[in-house]
Amino acid sequence: MTHPGPQQPGDDPYGGTWQQPPAPGQPPYAGQPPYAGQPPYAGYPPGYGQPPYGGYGYPVHRPTNGMAVASMVLGILWIYWIGSILALVFGYMAKKQIRERGESGGGMATAGIVLGWIGIGFLALVIIFAVASSSSSEF
């Protein structure tokens, strides 16, 4: 069995209307001019420059440094001032690694360093008050 298919314009077995394809050089639809294409690309508007991130609109994902996270967490917890010392150590190590590897987490490392120094300051105050109170009770 052969499929007869449309033979003449308007003779479509599926209910549509079939039209003769346009002759070469003729517009594809009556009354419409042929497609002329897009205008040439003129670049970015003046004063705007190239978009960030290479024009794709999404930043490149940089992994977060684990030492920076540990520094900030230990700086927050203080854990009898051992956490403050470790926050300083991890924070300065994280800063160095972030510079070398291009990772993110510089703000967390800085927060850990600041909180670590605050914890060390409180430790120094506790020691000073403890020494002052023990020396004043001896007299």
Side-chain angles (χ1 to χ4, degrees):
M1 182 165 126
T2 61
H3 188 282
Q7 301 296 324
Q8 299 294 324
D11 185 26
D12 186 4
Y14 302 109
T17 57
W18 182 78
Q19 295 181 357
Q20 185 74 24
Q26 296 292 322
Y29 300 104
Q32 286 188 345
Y35 180 69
Q38 290 184 323
Y41 181 69
Y44 299 105
Y48 287 98
Q50 185 172 358
Y53 314 120
Y56 296 110
Y58 296 103
V60 177
H61 174 69
R62 298 183 314 163
T64 304
N65 186 283
M67 291 278 198
V69 176
S71 173
M72 186 179 71
V73 169
L74 289 170
I76 290 169
L77 295 179
W78 284 359
I79 309 173
Y80 300 108
W81 293 286
I82 295 171
S84 298
I85 295 168
L86 291 175
L88 289 172
V89 171
F90 289 163
Y92 285 116
M93 287 173 60
K95 286 284 201 179
K96 181 181 177 198
Q97 289 177 356
I98 289 169
R99 277 193 309 270
E100 292 172 354
R101 300 177 188 171
E103 296 173 323
S104 65
M108 286 189 281
T110 302
I113 291 169
V114 168
L115 292 171
W117 279 116
I118 290 172
I120 296 295
F122 277 122
L123 175 62
L125 287 175
V126 167
I127 291 172
I128 290 170
F129 284 128
V131 169
S133 67
S134 68
S135 64
S136 65
S137 64
E138 291 180 9
F139 291 113

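Just so we're clear, the structure is a prediction, and the values are computed from it rather than from any experiment.
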Spacing of [X] atom [atom1] and [Y] atom [atom2] [to the nearest 0.5 Å]:
{"X": "Gln97", "Y": "Phe90", "atom1": "CD", "atom2": "CZ", "answer": "10.5 Å"}
{"X": "Asn65", "Y": "Glu100", "atom1": "CG", "atom2": "CD", "answer": "10.5 Å"}
{"X": "Ile98", "Y": "Thr64", "atom1": "CD1", "atom2": "OG1", "answer": "8.5 Å"}

Can you pull the salt bridge (charged side-chain N to carboxylate O under 4.0 Å, His left out) pairs that have at least one residue in [range], sequence neighbours excluded?
{"range": "residues 110-136", "answer": "none"}
{"range": "residues 113-136", "answer": "none"}
{"range": "residues 64-83", "answer": "none"}
{"range": "residues 68-87", "answer": "none"}

- [ ] Quick one: which residue pairs count as a side-chain hydrogen bond (donor to acceptor under 3.5 Å, both in side chains) with a foot in residues 69-79, not counting sequence neighbours?
- [x]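 Residue pairs with at least one partner in residues 69-79: there are none.
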Of all heavy-atom pairs between [X] and [Y], which one has the smallest distance, and what is that distance?
{"X": "Ala94", "Y": "Ala68", "answer": "CB-N, 3.4 Å"}
{"X": "Ser84", "Y": "Leu115", "answer": "OG-O, 4.5 Å"}
{"X": "Ala87", "Y": "Gly116", "answer": "CB-CA, 4.2 Å"}

Within one Ile-Leu-Val-Met-Phe-Trp-Tyr cluster: Leu123 and Leu125, side-chain cutoff 4.5 Å: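 Yes, because Leu123 and Leu125 connect within a single hydrophobic cluster, where side-chain heavy atoms sit under 4.5 Å apart.
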Worksheet entry | Partners meeting salt bridge (charged side-chain N to carboxylate O under 4.0 Å, His left out) with Arg101 (sequence neighbours left out) |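 Residues passing salt bridge (charged side-chain N to carboxylate O under 4.0 Å, His left out) with Arg101: Glu103.
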Rest of the hydrophobic cluster containing Tyr92 (Ile/Leu/Val/Met/Phe/Trp/Tyr, side-chain heavy atoms under 4.5 Å)?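 Its cluster mates, by chain and number, are Ile85, Leu88, Ile113, Trp117, Ile120.
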With sequence neighbours excluded, tell me which residues meet side chain to side chain contact (heavy atoms under 4.5 Å, CB included) with Leu77.
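In terms of side chain to side chain contact (heavy atoms under 4.5 Å, CB included), with neighbours along the sequence ignored, Leu77 is linked to Val73, Ile79.
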Run the side chain to side chain contact (heavy atoms under 4.5 Å, CB included) test against Val89 and tell me which residues pass, sequence neighbours left out.
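Partners of Val89 by the side chain to side chain contact (heavy atoms under 4.5 Å, CB included) criterion, ordered by chain and then number, come out as Met93.
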* Asked: side-chain hydrogen bond (donor to acceptor under 3.5 Å, both in side chains) with Trp81: which residues, sequence neighbours excluded?
  ->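 For Trp81 there are no side-chain hydrogen bond (donor to acceptor under 3.5 Å, both in side chains) partners, ignoring immediate neighbours.
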query: Would you say the side chain of Thr110 lies within less than 4.5 Å of the side chain of Lys95, judging by non-hydrogen atoms?
result: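 SC-SC contact between Lys95 and Thr110 confirmed.
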